[in-house]
Amino acid sequence: MEINAPYEINKKGHLVFDGCDVVGLANEYGTPLYVVSESEIRKRCKRIKECFMHKYTDTQALYASKAMSNVAIYRIISDEGLGIDVVSGGELYTAIKAGFPAEKIYFHGNNKTQDEIKLGLDNNIGCFVIDNDYEIDLIQKTAFESGKKVKALLRIAPGVSVNTHEYVCTGQIDSKFGFSIKDNTALIAVKKVLESHNINFAGIHCHLGSQIYSREAYYEAVMIMISLLGQIKQEYGIEAEELNVGGGFAVFDYERDKYVDIADFIETIMDTVEEQCSIRKIKRPRVLIEPGRWIVGESGITIYTVGAVKEIKGIRKYVSIDGGMTDNPRYALYNALYKGIAANKAAEKCTEVVTIAGKCCESGDILIKDLNTPALEPGDILAVLGTGAYNYSMSSNYNRLTKPAMLMTNKGEVRVIMRREDYEDLLRYEQI
Ligand code: LLP
(Lines give C-alpha, C1' and ligand atoms only; values in the text may rest on other atoms or scores of the structure.)
Protein backbone atom coordinates (compact mmCIF):
# COMPACT_ATOMS: atom_id res chain seq x y z
CA MET A 1 0.00 0.00 0.00
CA GLU A 2 1.33 3.37 -0.94
CA ILE A 3 0.91 6.24 1.49
CA ASN A 4 1.25 9.44 -0.39
CA ALA A 5 1.60 12.78 1.28
CA PRO A 6 -1.37 15.14 1.29
CA TYR A 7 -1.15 17.11 -1.97
CA GLU A 8 -3.99 18.61 -4.01
CA ILE A 9 -4.49 21.39 -6.53
CA ASN A 10 -7.11 24.05 -5.78
CA LYS A 11 -9.34 26.11 -8.06
CA LYS A 12 -6.69 28.81 -8.39
CA GLY A 13 -4.37 26.17 -9.80
CA HIS A 14 -2.20 26.36 -6.69
CA LEU A 15 -0.60 23.43 -4.93
CA VAL A 16 -2.30 22.62 -1.64
CA PHE A 17 -0.38 20.79 1.07
CA ASP A 18 -2.26 19.39 4.06
CA GLY A 19 -5.16 21.73 3.38
CA CYS A 20 -2.97 24.83 2.99
CA ASP A 21 -2.48 26.82 -0.22
CA VAL A 22 1.29 26.72 -0.69
CA VAL A 23 1.37 30.07 -2.50
CA GLY A 24 -0.58 31.58 0.39
CA LEU A 25 1.96 30.20 2.87
CA ALA A 26 4.82 31.69 0.82
CA ASN A 27 3.11 35.09 0.72
CA GLU A 28 2.35 35.12 4.40
CA TYR A 29 5.50 33.61 5.91
CA GLY A 30 8.16 34.29 3.26
CA THR A 31 10.55 31.85 1.62
CA PRO A 32 12.49 29.65 1.86
CA LEU A 33 10.11 27.92 4.21
CA TYR A 34 9.95 24.44 5.68
CA VAL A 35 6.42 23.09 6.08
CA VAL A 36 5.70 19.91 8.01
CA SER A 37 2.34 18.23 8.25
CA GLU A 38 1.28 17.16 11.72
CA SER A 39 -1.61 15.16 10.31
CA GLU A 40 0.72 13.20 8.05
CA ILE A 41 3.18 12.48 10.85
CA ARG A 42 0.35 11.27 13.07
CA LYS A 43 -1.06 9.16 10.23
CA ARG A 44 2.28 7.46 9.86
CA CYS A 45 2.67 6.87 13.60
CA LYS A 46 -0.80 5.33 13.60
CA ARG A 47 0.15 3.11 10.69
CA ILE A 48 3.20 1.89 12.60
CA LYS A 49 1.04 1.15 15.63
CA GLU A 50 -1.49 -0.69 13.49
CA CYS A 51 1.00 -2.92 11.68
CA PHE A 52 3.57 -3.32 14.45
CA MET A 53 2.88 -2.25 18.01
CA HIS A 54 -0.76 -3.31 18.11
CA LYS A 55 -0.40 -6.29 15.84
CA TYR A 56 2.43 -7.98 17.74
CA THR A 57 2.76 -8.11 21.51
CA ASP A 58 5.82 -6.74 23.23
CA THR A 59 7.04 -4.41 20.50
CA GLN A 60 8.04 -0.74 20.48
CA ALA A 61 8.76 1.72 17.70
CA LEU A 62 11.26 4.49 18.32
CA TYR A 63 11.35 7.59 16.12
CA ALA A 64 14.96 8.16 14.99
CA SER A 65 14.94 11.83 15.76
CA LYS A 66 18.09 12.72 13.80
CA ALA A 67 15.72 12.85 10.81
CA MET A 68 14.10 15.96 12.30
CA SER A 69 14.65 17.07 15.86
CA ASN A 70 12.67 19.85 17.45
CA VAL A 71 10.33 20.37 20.38
CA ALA A 72 7.17 20.17 18.26
CA ILE A 73 8.00 16.80 16.72
CA TYR A 74 9.04 15.28 20.05
CA ARG A 75 5.66 16.31 21.49
CA ILE A 76 3.75 14.67 18.64
CA ILE A 77 5.79 11.48 18.87
CA SER A 78 5.29 11.35 22.62
CA ASP A 79 1.57 11.87 22.21
CA GLU A 80 1.43 9.01 19.70
CA GLY A 81 3.11 6.66 22.19
CA LEU A 82 6.32 6.01 20.29
CA GLY A 83 9.75 6.21 21.89
CA ILE A 84 12.73 8.03 20.38
CA ASP A 85 16.34 7.47 19.54
CA VAL A 86 18.70 10.38 20.18
CA VAL A 87 22.34 10.57 19.13
CA SER A 88 23.70 13.57 20.94
CA GLY A 89 23.40 15.68 24.04
CA GLY A 90 21.66 18.28 21.88
CA GLU A 91 18.92 15.94 20.69
CA LEU A 92 18.54 14.59 24.21
CA TYR A 93 18.33 18.08 25.68
CA THR A 94 15.68 19.10 23.14
CA ALA A 95 13.63 15.99 23.88
CA ILE A 96 13.83 16.56 27.63
CA LYS A 97 12.82 20.21 27.17
CA ALA A 98 9.86 18.99 25.12
CA GLY A 99 8.84 16.86 28.09
CA PHE A 100 9.52 13.58 26.33
CA PRO A 101 9.16 10.61 28.73
CA ALA A 102 12.76 9.77 29.65
CA GLU A 103 12.17 6.03 29.96
CA LYS A 104 11.33 5.89 26.25
CA ILE A 105 14.60 7.52 25.15
CA TYR A 106 17.36 5.38 23.64
CA PHE A 107 20.77 7.02 23.40
CA HIS A 108 22.76 6.04 20.29
CA GLY A 109 26.01 7.24 18.77
CA ASN A 110 29.51 5.90 18.29
CA ASN A 111 31.37 8.38 20.47
CA LYS A 112 29.23 9.61 23.33
CA THR A 113 31.13 12.01 25.54
CA GLN A 114 31.13 11.71 29.29
CA ASP A 115 29.03 14.87 29.53
CA GLU A 116 26.45 13.37 27.19
CA ILE A 117 26.37 10.12 29.15
CA LYS A 118 25.98 12.12 32.35
CA LEU A 119 23.08 14.09 30.86
CA GLY A 120 21.40 10.78 30.01
CA LEU A 121 22.02 9.42 33.51
CA ASP A 122 20.84 12.60 35.24
CA ASN A 123 17.62 12.43 33.27
CA ASN A 124 17.16 8.68 33.86
CA ILE A 125 16.80 7.84 30.19
CA GLY A 126 15.56 4.38 29.30
CA CYS A 127 18.54 2.88 27.55
CA PHE A 128 22.04 3.44 26.22
CA VAL A 129 22.98 1.72 22.99
CA ILE A 130 26.67 0.96 23.45
CA ASP A 131 28.72 1.12 20.29
CA ASN A 132 32.25 0.06 21.24
CA ASP A 133 34.66 -0.98 24.00
CA TYR A 134 35.56 2.58 24.88
CA GLU A 135 31.89 3.30 25.51
CA ILE A 136 31.45 0.24 27.74
CA ASP A 137 34.23 1.58 29.96
CA LEU A 138 33.00 5.16 29.89
CA ILE A 139 29.37 4.29 30.60
CA GLN A 140 30.38 1.89 33.38
CA LYS A 141 32.63 4.56 34.95
CA THR A 142 30.08 7.36 34.65
CA ALA A 143 27.19 5.25 35.93
CA PHE A 144 29.34 4.12 38.86
CA GLU A 145 30.19 7.73 39.72
CA SER A 146 26.49 8.60 39.57
CA GLY A 147 25.57 5.59 41.69
CA LYS A 148 23.26 4.27 38.98
CA LYS A 149 22.75 1.09 37.03
CA VAL A 150 21.79 1.68 33.40
CA LYS A 151 20.01 -0.46 30.90
CA ALA A 152 22.01 -1.02 27.72
CA LEU A 153 21.85 -2.66 24.33
CA LEU A 154 24.98 -3.48 22.38
CA ARG A 155 25.13 -2.28 18.80
CA ILE A 156 26.22 -5.04 16.47
CA ALA A 157 27.60 -4.74 12.93
CA PRO A 158 25.93 -7.85 11.52
CA GLY A 159 27.83 -7.86 8.25
CA VAL A 160 24.80 -7.26 6.04
CA SER A 161 25.35 -4.93 3.10
CA VAL A 162 22.46 -3.06 1.59
CA ASN A 163 22.01 -1.52 -1.80
CA THR A 164 21.80 2.15 -0.89
CA HIS A 165 24.12 5.15 -1.01
CA GLU A 166 27.55 4.28 0.36
CA TYR A 167 27.34 7.14 2.89
CA VAL A 168 24.23 5.67 4.52
CA CYS A 169 25.27 2.00 4.72
CA THR A 170 25.99 1.00 8.30
CA GLY A 171 25.45 -2.75 8.76
CA GLN A 172 28.52 -3.99 6.88
CA ILE A 173 31.62 -5.29 8.69
CA ASP A 174 33.76 -2.37 7.50
CA SER A 175 31.79 0.22 9.45
CA LYS A 176 32.60 2.69 12.19
CA PHE A 177 29.49 1.53 14.03
CA GLY A 178 29.07 -1.33 16.43
CA PHE A 179 30.75 -4.53 17.56
CA SER A 180 31.56 -6.76 14.63
CA ILE A 181 29.81 -10.10 14.38
CA LYS A 182 33.15 -11.38 13.06
CA ASP A 183 35.76 -13.10 15.23
CA ASN A 184 33.44 -13.30 18.25
CA THR A 185 33.94 -9.58 18.87
CA ALA A 186 30.27 -9.12 19.70
CA LEU A 187 30.15 -12.10 22.01
CA ILE A 188 33.22 -10.92 23.90
CA ALA A 189 31.66 -7.46 24.27
CA VAL A 190 28.53 -8.99 25.79
CA LYS A 191 30.71 -10.71 28.39
CA LYS A 192 32.40 -7.42 29.23
CA VAL A 193 29.01 -5.76 29.73
CA LEU A 194 27.78 -8.63 31.87
CA GLU A 195 30.81 -8.05 34.09
CA SER A 196 30.18 -4.30 34.32
CA HIS A 197 28.33 -3.80 37.59
CA ASN A 198 26.63 -0.56 36.67
CA ILE A 199 25.35 -1.74 33.30
CA ASN A 200 22.35 -3.97 32.90
CA PHE A 201 22.67 -5.93 29.63
CA ALA A 202 19.25 -5.84 27.95
CA GLY A 203 19.96 -7.05 24.43
CA ILE A 204 21.32 -6.18 21.03
CA HIS A 205 20.78 -3.64 18.28
CA CYS A 206 21.67 -3.28 14.63
CA HIS A 207 20.94 -0.71 11.94
CA LEU A 208 21.64 -1.63 8.35
CA GLY A 209 21.45 1.76 6.67
CA SER A 210 18.96 4.18 5.26
CA GLN A 211 16.48 4.28 2.36
CA ILE A 212 16.40 0.47 2.09
CA TYR A 213 13.98 -1.31 -0.25
CA SER A 214 15.10 -4.87 0.42
CA ARG A 215 13.09 -7.09 2.76
CA GLU A 216 15.82 -9.70 2.36
CA ALA A 217 18.33 -7.41 4.06
CA TYR A 218 16.15 -7.36 7.21
CA TYR A 219 15.63 -11.11 6.95
CA GLU A 220 19.39 -11.67 6.82
CA ALA A 221 20.02 -9.28 9.70
CA VAL A 222 17.39 -10.88 11.93
CA MET A 223 18.81 -14.36 11.19
CA ILE A 224 22.26 -13.19 12.28
CA MET A 225 21.01 -11.30 15.33
CA ILE A 226 18.90 -14.21 16.61
CA SER A 227 21.78 -16.56 16.04
CA LEU A 228 23.86 -14.24 18.23
CA LEU A 229 21.13 -14.30 20.90
CA GLY A 230 21.33 -18.10 20.74
CA GLN A 231 25.09 -17.97 21.27
CA ILE A 232 24.67 -15.54 24.17
CA LYS A 233 22.23 -17.95 25.81
CA GLN A 234 24.52 -20.88 25.23
CA GLU A 235 27.69 -19.16 26.44
CA TYR A 236 26.38 -17.07 29.31
CA GLY A 237 22.99 -18.62 30.15
CA ILE A 238 21.22 -15.31 29.49
CA GLU A 239 18.11 -14.60 27.45
CA ALA A 240 18.14 -11.05 26.09
CA GLU A 241 15.08 -8.91 26.74
CA GLU A 242 15.30 -6.77 23.63
CA LEU A 243 16.21 -6.95 19.98
CA ASN A 244 16.33 -3.64 18.13
CA VAL A 245 16.62 -3.98 14.35
CA GLY A 246 17.03 -0.28 13.59
CA GLY A 247 15.39 1.86 10.94
CA GLY A 248 16.09 2.48 7.27
CA PHE A 249 12.65 1.86 5.77
CA ALA A 250 12.57 3.65 2.44
CA VAL A 251 10.15 6.37 1.46
CA PHE A 252 8.51 6.62 -1.94
CA ASP A 253 10.99 7.12 -4.76
CA TYR A 254 9.02 9.26 -7.22
CA GLU A 255 11.69 9.18 -9.88
CA ARG A 256 11.97 5.42 -9.98
CA ASP A 257 8.39 4.80 -8.85
CA LYS A 258 9.62 2.48 -6.13
CA TYR A 259 8.06 1.77 -2.76
CA VAL A 260 7.84 -1.05 -0.22
CA ASP A 261 5.15 -0.76 2.42
CA ILE A 262 6.51 -0.57 5.96
CA ALA A 263 4.06 -3.35 6.91
CA ASP A 264 5.90 -5.68 4.54
CA PHE A 265 9.25 -4.96 6.19
CA ILE A 266 7.68 -5.51 9.58
CA GLU A 267 6.11 -8.78 8.53
CA THR A 268 9.48 -10.06 7.35
CA ILE A 269 11.14 -8.96 10.58
CA MET A 270 8.49 -10.40 12.88
CA ASP A 271 8.05 -13.69 11.00
CA THR A 272 11.78 -14.25 11.04
CA VAL A 273 12.09 -13.35 14.72
CA GLU A 274 9.26 -15.72 15.73
CA GLU A 275 10.53 -18.55 13.55
CA GLN A 276 14.18 -18.28 14.55
CA CYS A 277 13.47 -17.93 18.26
CA SER A 278 11.34 -21.02 18.13
CA ILE A 279 13.95 -23.01 16.18
CA ARG A 280 16.70 -21.94 18.56
CA LYS A 281 14.50 -22.37 21.61
CA ILE A 282 15.03 -18.90 22.94
CA LYS A 283 12.48 -16.56 24.47
CA ARG A 284 11.18 -14.14 21.84
CA PRO A 285 12.66 -10.79 22.91
CA ARG A 286 10.81 -7.51 22.81
CA VAL A 287 11.29 -6.22 19.27
CA LEU A 288 12.08 -2.58 18.49
CA ILE A 289 12.33 -0.67 15.23
CA GLU A 290 13.65 2.85 14.65
CA PRO A 291 12.19 4.56 11.60
CA GLY A 292 13.22 8.17 11.04
CA ARG A 293 12.78 9.07 7.39
CA TRP A 294 9.61 6.99 7.00
CA ILE A 295 7.81 9.07 9.62
CA VAL A 296 8.84 12.58 8.60
CA GLY A 297 10.31 12.41 5.08
CA GLU A 298 7.15 12.67 3.03
CA SER A 299 5.48 14.72 5.75
CA GLY A 300 7.45 17.81 4.80
CA ILE A 301 7.97 20.17 1.87
CA THR A 302 10.17 23.20 1.32
CA ILE A 303 8.87 26.30 -0.44
CA TYR A 304 11.14 28.61 -2.41
CA THR A 305 10.83 31.68 -4.61
CA VAL A 306 12.36 31.59 -8.07
CA GLY A 307 14.93 34.30 -8.84
CA ALA A 308 17.50 34.26 -11.61
CA VAL A 309 16.78 32.16 -14.68
CA LYS A 310 19.65 31.50 -17.04
CA GLU A 311 19.52 29.54 -20.25
CA ILE A 312 22.65 28.21 -21.91
CA LYS A 313 21.25 27.44 -25.35
CA GLY A 314 21.38 23.78 -26.22
CA ILE A 315 22.95 22.92 -22.88
CA ARG A 316 20.87 23.67 -19.80
CA LYS A 317 18.48 26.11 -18.20
CA TYR A 318 19.30 27.01 -14.61
CA VAL A 319 16.53 28.26 -12.35
CA SER A 320 17.90 29.64 -9.10
CA ILE A 321 15.85 29.66 -5.93
CA ASP A 322 16.32 31.56 -2.67
CA GLY A 323 17.65 28.57 -0.68
CA GLY A 324 19.77 25.58 -1.58
CA MET A 325 22.32 23.27 -0.03
CA THR A 326 22.10 25.21 3.23
CA ASP A 327 18.51 24.08 3.82
CA ASN A 328 18.79 20.83 1.84
CA PRO A 329 22.31 19.42 1.39
CA ARG A 330 21.06 16.02 0.22
CA TYR A 331 21.63 16.40 -3.50
CA ALA A 332 25.13 17.71 -2.87
CA LEU A 333 25.88 14.88 -0.44
CA TYR A 334 24.05 11.88 -1.84
CA ASN A 335 22.74 12.91 -5.25
CA ALA A 336 19.30 12.56 -3.67
CA LEU A 337 16.39 12.95 -6.08
CA TYR A 338 13.52 15.29 -5.32
CA LYS A 339 10.29 16.17 -7.00
CA GLY A 340 9.49 19.86 -7.44
CA ILE A 341 6.20 21.52 -8.35
CA ALA A 342 5.64 25.11 -9.44
CA ALA A 343 3.10 25.83 -6.70
CA ASN A 344 1.49 28.82 -8.46
CA LYS A 345 1.34 26.91 -11.77
CA ALA A 346 0.43 23.50 -10.40
CA ALA A 347 -2.34 22.96 -12.94
CA GLU A 348 -0.25 24.01 -15.94
CA LYS A 349 1.40 21.62 -18.37
CA CYS A 350 5.10 20.93 -18.06
CA THR A 351 6.84 22.45 -21.06
CA GLU A 352 10.49 22.52 -20.09
CA VAL A 353 13.25 20.67 -18.35
CA VAL A 354 15.31 22.81 -16.00
CA THR A 355 17.90 22.49 -13.26
CA ILE A 356 16.97 23.98 -9.91
CA ALA A 357 20.05 25.59 -8.40
CA GLY A 358 20.63 27.01 -4.95
CA LYS A 359 22.14 30.39 -4.16
CA CYS A 360 25.40 29.23 -2.58
CA CYS A 361 28.78 29.84 -4.14
CA GLU A 362 29.24 26.20 -5.12
CA SER A 363 28.59 24.56 -8.46
CA GLY A 364 27.41 21.50 -6.54
CA ASP A 365 24.63 23.53 -4.95
CA ILE A 366 21.85 21.94 -6.95
CA LEU A 367 18.48 20.76 -5.64
CA ILE A 368 16.97 19.09 -8.69
CA LYS A 369 18.57 18.23 -11.99
CA ASP A 370 16.22 17.93 -14.97
CA LEU A 371 12.91 18.95 -13.45
CA ASN A 372 9.93 18.81 -15.77
CA THR A 373 8.00 21.99 -15.19
CA PRO A 374 5.91 24.74 -16.71
CA ALA A 375 8.18 27.65 -17.68
CA LEU A 376 9.52 29.23 -14.49
CA GLU A 377 9.99 32.98 -14.07
CA PRO A 378 11.27 35.18 -11.27
CA GLY A 379 8.69 35.34 -8.50
CA ASP A 380 7.25 31.87 -9.12
CA ILE A 381 6.88 29.65 -6.09
CA LEU A 382 8.54 26.26 -6.17
CA ALA A 383 7.63 23.50 -3.72
CA VAL A 384 10.13 20.69 -3.28
CA LEU A 385 8.35 17.62 -1.95
CA GLY A 386 9.43 15.02 0.54
CA THR A 387 11.93 17.20 2.40
CA GLY A 388 10.80 16.40 5.95
CA ALA A 389 13.75 14.14 6.77
CA TYR A 390 17.40 15.14 7.02
CA ASN A 391 16.85 18.61 5.56
CA TYR A 392 16.27 20.91 8.52
CA SER A 393 18.36 18.58 10.72
CA MET A 394 21.33 18.86 8.32
CA SER A 395 20.92 22.53 7.48
CA SER A 396 23.76 25.02 7.86
CA ASN A 397 24.58 28.70 7.69
CA TYR A 398 27.08 28.31 4.84
CA ASN A 399 27.62 31.62 3.04
CA ARG A 400 25.93 33.10 6.12
CA LEU A 401 22.52 32.24 4.81
CA THR A 402 19.88 32.34 7.50
CA LYS A 403 17.86 29.22 8.22
CA PRO A 404 14.24 29.17 7.06
CA ALA A 405 11.27 29.23 9.37
CA MET A 406 9.34 26.02 9.87
CA LEU A 407 5.57 25.77 9.86
CA MET A 408 3.50 22.91 11.13
CA THR A 409 0.23 22.37 9.33
CA ASN A 410 -2.72 20.30 10.40
CA LYS A 411 -5.50 19.95 7.84
CA GLY A 412 -5.59 23.60 6.91
CA GLU A 413 -4.38 24.98 10.24
CA VAL A 414 -0.94 26.51 10.47
CA ARG A 415 1.46 27.37 13.28
CA VAL A 416 5.06 28.54 13.27
CA ILE A 417 7.20 26.03 15.15
CA MET A 418 10.53 27.58 14.28
CA ARG A 419 10.96 31.24 13.48
CA ARG A 420 13.09 32.39 10.58
CA GLU A 421 16.67 33.22 11.54
CA ASP A 422 17.73 36.81 11.10
CA TYR A 423 21.13 38.45 10.71
CA GLU A 424 21.42 39.08 14.44
CA ASP A 425 21.11 35.31 14.98
CA LEU A 426 24.19 34.90 12.81
CA LEU A 427 26.15 37.06 15.23
CA ARG A 428 24.85 35.50 18.42
CA TYR A 429 28.07 33.65 19.32
CA GLU A 430 30.43 36.40 18.26
CA GLN A 431 32.38 38.11 21.00
CA ILE A 432 32.10 41.56 19.44
N1 LLP B 1 18.67 4.02 13.82
C2 LLP B 1 19.97 4.34 13.74
C3 LLP B 1 20.90 3.80 14.69
C4 LLP B 1 20.41 5.22 12.74
O5 LLP B 1 21.69 5.54 12.66
C6 LLP B 1 19.46 5.77 11.82
C7 LLP B 1 19.88 6.70 10.78
C8 LLP B 1 18.11 5.41 11.96
C9 LLP B 1 17.75 4.52 12.97
C10 LLP B 1 17.02 5.96 11.07
O11 LLP B 1 17.20 5.67 9.74
P12 LLP B 1 16.03 6.09 8.72
O13 LLP B 1 14.81 5.27 9.11
O14 LLP B 1 15.79 7.53 8.87
O15 LLP B 1 16.55 5.72 7.39
N16 LLP B 1 21.60 11.91 6.47
C17 LLP B 1 21.24 10.75 5.69
C18 LLP B 1 20.64 9.67 6.51
C19 LLP B 1 21.53 9.23 7.65
C20 LLP B 1 20.89 8.19 8.49
C21 LLP B 1 21.64 8.01 9.75
N22 LLP B 1 21.09 7.04 10.64
C23 LLP B 1 20.29 11.17 4.57
O24 LLP B 1 19.99 12.35 4.46
O25 LLP B 1 19.87 10.34 3.77
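What you see below is based on every heavy atom in this structure, not just the backbone, and it leaves out hydrogens, waters and symmetry mates. Computed from a predicted model, the values in this text were never measured in an experiment. Numbering of ligands and ligand atoms starts at 1, following listing order.
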TODO: Consider every N or O of Y390 and every N or O of ligand 1, then say whether any pair is closer than 3.5 Å.
DONE: yes
Open item on the list: Is it the case that the ring center of H207 lies less than 6.0 angstrom away from the ring center of H108?
Closed with: no
- [ ] Specify side chain, backbone, both or neither for D85, according to which of its non-hydrogen atoms lie closer than 4.0 Å to ligand 1.
- [x] side chain
Open item on the list: Quick test: of every protein heavy atom, which one is nearest to atom 5 (O) of ligand 1, and how far off is it to 0.1 Å?
Closed with: K66 NZ, 3.1 Å
Open item on the list: Hydrogens and angles aside, do D18 and S39 bring a side-chain donor and acceptor to less than 3.5 Å of each other?
Closed with: yes
Open item on the list: Among all protein heavy atoms in this structure, tell me which lies nearest to atom 8 (C) of ligand 1, with the distance rounded to 0.1 Å.
Closed with: H207 CE1, 3.3 Å
TODO: Just need the protein heavy atom nearest to atom 15 (O) of ligand 1, so name the residue and atom and give the distance.
DONE: S210 OG, 2.3 Å
Task: Side chains of T31 and T305, donor plus acceptor under 3.5 Å - done: yes
TODO: Say whether, by atom type as modelled, one donor and one acceptor occur between the side chain of N132 and the main chain of N110 under 3.5 angstrom.
DONE: yes
Open item on the list: Any side-chain to backbone donor/acceptor pair from D365 onto K359? Under 3.5 Å, distance only.
Closed with: yes
TODO: Work out whether the distance between some heavy atom of Y334 and some atom of ligand 1 is less than 4.0 Å.
DONE: yes
Task: Salt bridge flag under 4.0 Å for residues E235 and K191 - done: no
- [ ] Examine ligand 1 and decide if any of its atoms is less than 4.0 Å from a heavy atom belonging to G248.
- [x] yes
For residues 177-189, run the donor-acceptor check on the side chains, cut-off 3.5 Å, and write out each pair with its distance to 0.1 Å, sequence neighbours left out.
from : atom 1 : to   : atom 2 : distance (Å)
S180 : OG     : K182 : N      : 2.9
T185 : OG1    : K182 : O      : 2.8

TODO: Verify whether the ring centers belonging to F249 and Y218 lie closer than 6.0 Å.
DONE: yes
Task: Sub-4.0 Å atoms of ligand 1 with respect to non-hydrogen atoms of R155 - done: 3 (C)
TODO: State the atoms of ligand 1, each with its element, that fall below the 4.0 Å cut-off from a heavy-atom position in R293.
DONE: 12 (P), 13 (O), 14 (O), 18 (C), 23 (C), 25 (O)
Task: Atoms of ligand 1 close to M394 [distance to a heavy atom under 4.0 angstrom, numbered from 1] - done: 16 (N), 24 (O)
Task: For atom 1 (N) of ligand 1, the protein heavy atom that lies nearest, with its residue and separation - done: E290 OE1, 2.6 Å
Open item on the list: Test of understanding: given a 4.0 Å heavy-atom threshold, classify the contact between A67 and ligand 1 as side chain, backbone, both, or neither.
Closed with: neither
Task: Short side-chain donor-acceptor distance under 3.5 Å, E91 and S69 - done: no
TODO: Could you tell me which atoms of ligand 1, counted from 1 in the order shown, lie closer than 4.0 angstrom to a heavy atom of R330?
DONE: 23 (C), 24 (O), 25 (O)
TODO: Could you tell me whether E242 and K151 have a side-chain N and a carboxylate O separated by less than 4.0 Å?
DONE: yes
- [ ] Any atoms of ligand 1 less than 4.0 Å from a non-hydrogen atom of G247? List them with their elements.
- [x] 9 (C), 13 (O)
Open item on the list: Suppose the criterion is ring-ring contact (aromatic ring centres under 6.0 Å, His included): which pairs have a residue in residues 70-107, not counting sequence neighbours?
Closed with: F107-F128
Open item on the list: Under a 4.0 angstrom heavy-atom cut-off, which atoms of ligand 1 come close to P291?
Closed with: 13 (O)
TODO: Could you tell me the residue and atom name of the protein heavy atom closest to atom 19 (C) of ligand 1, and the distance to it rounded to 0.1 Å?
DONE: V168 CG1, 3.8 Å
- [ ] Could you find the nearest protein heavy atom to atom 10 (C) of ligand 1 and give me its residue, atom name and distance?
- [x] A64 CB, 3.4 Å
